[in-house]
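In what follows, a single structure is set out as structure tokens and then discussed.
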Amino acid sequence: MQNFDVPAPPPPNVSHPGVVVTDITDKFASAVKTLSPGELVKDDHFTLFESVSALEIMDPKMDSGVLSEGESLDEEYDVSRLLLPEEILGIIDQLLCLEMAWHLGYPLSQTLLTSVYVESLMNPRPTSIDEANFTRDPEICEKQPVLLFVLRAYCLGMLKSCYLVNQLVKDELYYEEEDFVTNTYDRTLLNDIPEASIIGLLQKARSDLRAAGNVSKDISAALDLRLELRIAFMRAIDLSTLRQANPDSLKMPWIQMRGLMEHIEKNHALGKSVPEAFSTKLQRRLASTMPPRPIVQLSFEECYGHFRRLFQDGIEVTDVLKYSEPQSLLTFVSTFQAKKPQPLVFIRTLLQSLLFKEMVVLGSYSIRQILDHDLSLTVLPCSPQIDPANDNIEVPSDPRHQTAAQMEIFRQRVAESYLDIFRIFCQNRCRVRRTLCHSIQEWDMLQADVEEIDNLLQINLDEKPLHTERGEIGYALPLSSWAYLYKLRQMEWIVQLGFELEVYQPDELAGMYWYLNYLAKTRAQHGDRIKMFNARSLDMARNRANHRHPATPNSSNNGGKKTAATATLSAAQEREFAQSKSYIRATMLDAACTWEFADGLCCLYTALGRVGLVGPSSSSYRNDLLRYEIRTKPFAAIGLPQRPAFDAFARATDQPDTSVPELLRYAAGAVAGARKGYEALAKTPDAQAFCVGAHERWVGGVRDCLRAAIAAGVAVSTLQGAYEKALDGAAVGGGGEGEGEGRKIEDSELDVKLKMEIPPPGKGYHDWWVVPKLTPLP
Amino acid sequence: MEAARATQLPGELRYIQYEHALEETYLPAIRALISKDLSEPYSIYVYRYFLYQWAHLCYMALNPADNSLIGVIICKLEHHASHSPPTYRGYIAMLAVSSAYRGHGIATALVKMAIDAMAERNADEIVLETEETNLPAMRLYERLGFLRSKKLHRYYLNGNSAYRLVLLLKSSAGSDVNRQPT
């Protein structure tokens with residue numbers, strides 16, 4: 001506690017015209033006496049946030065002005081001091097580590113802005129490249145250590161790169177402080193100085209370095225590599241704005257950097273670090289109230305690993321521009337972002353900017369092109385509904401004019417939500433899951449809205465309900481159907497990300513796999529429905545072509561009756577129908593794999609629960625109905641598919657009427673089915689699997705699922721064997737009294753003598769498939 | 001939190017509810033106990049923010065020998081309206097047990113007292129965040145029936161992620177999980 005008895009300091013001398021000074025010391029002193037220490041005068045606006053941001057004077061962890069005995073306030077390192085060439089190399093490599101720490105999400109204040117050299121370049125703010133020097137005094141400049149120009153050029157290139165990265169990130173969707181800290185604490189990161197002059201300086205530094213005779217060859221080469229890296233880094237960012245260019249040309253600087261990094265790693269050991277050239281004290285000069293916090297220090301090995309991945313991801317990300325169709329694009333984005341570790345924010349925002357900027361998709365396409373392409377691939381192959389010729393009909397009473405108008409309303413309604421799916425995938429994994437939980441609410445409403453457009457258009461296009469041998473199926477409702485497909489996929493992703501992020505406890509796994517199975521089955525059924533309508537469209541199109549009728553919507557319908565028609569469609573039309581057919585086949589196969597595997601794991605975990613290996617916690621606060629309510633909260637308001645009632649969910653998961661052997665037999669069959677499915681998927685060529693441009697990543701994922709399914713098969717048979725053995729043991733052990741009366745041995749009484757381990761994310765074969773490892777106990 | 005240490009408990013602990021009159025006696029010890037596990041300290045205002053408004057939701061475990069502080073739980077209970085429907089939400093802000101006395105169920109006892117106090121005041125739900133690496137804490141809460149509702153990326157200043165844990169005490173308004181789909 002402070003001693004308040006010391007004499008009061010003299011009042012500050014405030015003299016300013018218009019300011020009348022009133023001494024309130026006495027009033028304040030008497031007012032505070034009415035409060036006891038700790039009593040809080042709190043208005044409603046003083047929130048937890050305010051109390052957390054409050055500072056305590058004289059607490060060294062909160063008060064940036066507190067100095068310990070003999071500590072100086074400011075850093076006293078002299079930037080004009082002598083530096084050995086190996087020290088310059090050492091400082092550069094320290095800067096590389098700090099730069100990477102910033103990319104990983106730590107603030108500049110604890111990373112690059114702790115460098116005394118960086119601070120001297122940036123403060124006071126340089127307005128020209130000449131001012132951007134460690135010392136602005138020309139006389140001292142003359143006397144600078146010989147190779148300091150290398151460090152200067154390196155730092156300027158580095159800071160400008162940081163500026164460019166910061167701008168890129170700020171333009172896209174990211175979460176400040178959670179993903180990345182864009183705060184520059186009032187340092188401008190050289191935004192006034194053109195890139196060209198910095199690149200010029202770097203190039204000059206490279207040639208001056210070559211000319212400097214008194215440096216060891218190895219160190220000179222090591223320094224040169226680092227200067228070259230800075231040039232390539234700026235070029236990579238610069239090129240990425242040319243989204244219409246050949247993607248392979250955008251890759252060049254990334255490939256170059258990947259190569260440079262390998263060499264940089266090799267000669268890192270030549271450098272000599274200079275720890276005193278970095279200080280937390282510099283944070284006191286930044287625009288921040290935070291007291292100095294420690295420097296985030298990565299090891300060079302970690303830093304190298306991150307840079308290597310960054311450059312590899314940079315090479316891969318440009319391939320997104322090689323567009324083939326929207327489903328492959330979605331596969332590209334989702335598999336790219338599912339990489340472990342996930343690409344850095346810099347790459348994730350770069351991907352966003354390549355995907356969509358200034359109303360242009362992938363640098364070349366309109367949103368309409370992508371949307372219509374997606375529709376033709378899924379629910380409207382060769383449909384008059386998306387015929388661009390409709391736009392040319394100006395007569396308002398013409399159905400084609402009305403169709404064009406309604407489709408435009410549709411596009412306006414869905415464009416943002418559609419692009420959001422891609423954007424959502426570019427977020428960190430926790431955010432992807434949470435944002436999808438909001439997105440499905442939007443898609444649920446959107447589905448209802450576009451179904452109204454479907455209703456209008458079915459009159460307009462004179463559509464008839466579809467009759468099959470199964471009875472009346474109803475109208476195609478293509479737009480609603482399309483929205484439903486996307487909603488279902490998002491719902492599945494939410495559950496799957498729950499597994500990936502370890503949100504579910506072991507005793508929830510059976511239930512969550514049951515729910516995943518329910519969703520995937522719904523998607524497969526929906527795929528089947530789409531398939532029937534697409535088949536009808538194909539018949540109708542062939543009929544139309546056969547009858548050589550002009551393709552007007554009014555004459556295009558034959559009431560759903562199938563007529564044998566010879567194919568006289570154009571090759572392009574045939575291709576469009578075939579492509580849509582293979583898309584529906586691919587999504588149904590994928591859904592079938594998911595549903596089988598989920599079904600198998602549900603049964604396995606239920607069986608494990610029966611024999612006591614997965615046990616629910618027993619607490620008086622536990623209430624399974626309320627737990628179900630929390631767990632399914634994101635799905636509660638979804639109209640279709642409706643959240644199952646708790647009783648139905650509990651029955652389907654627990655399967656009380658199915659014995660353990662039956663459960664396991666069922667699990668074995670389901671897991672084997674999934675395995676066959678994944679084998680088939682893995683053999684599917686990229687165009688038919690809709691992973692063009694992302695085949696390697698996609699097939700890698702499928703193979704991981706396959707391995708997980710094989711492991712699940714092993715777990716099922718291990719439990720089968722152990723269960724039978726335990727049952728035999730129990731029958732023998734309890735033989736005397738039990739046998740005659742046929743007393744049923746409860747599953748919970750059995751000792752299956754197994755140890756169960758649930759691998760944490762990253763340790764199993766695939767994070768979406770949590771397969772238990774069962775090992776026999778002696 | 002560290003693994004259980006085998007220190008003998010000094011007899012039956014005293015569990016008492018905090019009140020403002022105890023500030024001088026216990027606030028310094030509460031701060032010391034809690035800040036031990038924190039990378040960044042909380043200002044005195046953070047403690048007072050909770051203790052002044054929700055002293056009735058703060059419980060302390062005291063050593064019967066000398067009444068020194070062994071464990072503490074600090075909570076709040078407020079209407080939470082950031083999403084619909086609004087809920088009356090309890091929040092466990094801080095929980096700490098002196099490392100020498102861990103593994104004796106003191107934290108569990110404190111959490112139960114806090115849950116009971118909030119339930120009695122009609123809380124709909126109780127939430128908290130815990131560091132993903134803090135397995136003992138997660139085990140403690142999950143044994144009591146808490147569920148992980150979401151994961152929060154890089155939630156803490158040290159770069160670690162967190163889980164939001166939830167214990168629902170009442171069915172939320174308008175929700176009817178037992179409705180049979182039509």
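All of these numbers come straight from a predicted model, not from anything done at the bench.
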Return the set of residues passing salt bridge (Lys or Arg N to Asp or Glu O under 4.0 Å) with A:Asp507 (not counting sequence neighbours), or none when no residue passes.
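A:Asp507 satisfies salt bridge (Lys or Arg N to Asp or Glu O under 4.0 Å) with A:Arg622, A:Arg627 once adjacent residues are dropped.
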Counting only non-hydrogen atoms closer than 4.5 Å, does [X] touch chain B with its backbone (N, CA, C, O), its side chain (CB onward), both, or neither?
X        : value
A:Tyr504 : neither
A:Asn623 : neither
A:Thr47  : backbone
A:Glu50  : neither
A:Arg429 : neither
A:Leu55  : backbone

Kindly compute the distance separating [atom1] ([X]) from [atom2] ([Y]), expressed to the nearest 0.5 Å.
X        : Y        : atom1 : atom2 : result
B:Leu147 : A:Lys633 : CG    : NZ    : 12.0 Å
B:Ser161 : A:Asn428 : OG    : CG    : 7.5 Å
B:Phe50  : A:Leu48  : CZ    : CG    : 4.5 Å
B:Ile115 : A:Ser620 : CD1   : OG    : 8.0 Å

[X] side chain near [Y] side chain, heavy-atom distance below 4.5 Å:
X        : Y        : value
A:Ser51  : B:Arg48  : no
A:Gln505 : B:Phe146 : no
B:Leu152 : A:Glu178 : no
B:Lys151 : A:Arg433 : no

Where on B:Tyr49 is there a heavy atom nearer than 4.5 Å to chain A: the side chain, the backbone, both, or neither?
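Both the backbone and the side chain of B:Tyr49 come within 4.5 Å of chain A.
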Whether B:Tyr45 and A:Phe46 hold their rings parallel, tilted or perpendicular, with breakpoints at 30° and 60°
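Ring orientation, 0 to 90° scale: perpendicular.
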Count the heavy atoms belonging to other residues, nucleotides or ligands that lie under 6.0 Å from CZ of A:Phe635, then report whether that count exceeds 12.
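Correct, the count exceeds 12.
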Please check if atom NZ in A:Lys763 has more than 12 non-hydrogen atoms from other residues, nucleotides or ligands closer than 6.0 Å.
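No.
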Closest non-hydrogen atom pair between [X] and [Y], with its separation:
X        : Y        : value
A:Tyr106 : B:Asn158 : OH-O, 3.5 Å
A:Tyr621 : B:Asp116 : OH-OD1, 2.7 Å
B:Arg154 : A:Leu104 : NH1-O, 3.3 Å

Do any N or O atoms from the side chain of A:Arg431 and from the backbone of B:His153 form a donor-acceptor pair under 3.5 angstrom?
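No.
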I'd like to know if the side chain of A:Arg434 reaches the main chain of B:Lys150, judged simply by a donor and an acceptor atom lying under 3.5 Å from each other, with no hydrogens or angles considered.
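No; judged by distance alone, with no hydrogens or angles, the pair does not exist.
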Candidate pair B:Glu125 and A:Ile630, rule side chain to side chain contact (heavy atoms under 4.5 Å, CB included), full reasoning
CA-CA 10 Å; B:Glu125 58 178 349; A:Ile630 302 174; over 6 Å; no
For chain A, which candidate among B:Lys112, B:Glu132, B:Lys76, B:Glu24 shows the most heavy-atom pairs at distances under 4.5 Å?
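If we count pairs closer than 4.5 Å to chain A, B:Lys112 comes out on top.
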Just so I understand: if I count every heavy-atom pair under 4.5 Å between each of B:Ile44, B:Val166, B:Leu51, B:Leu169 and chain A, which residue has the most?
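With the most close heavy-atom pairs to chain A, the winner is B:Ile44.
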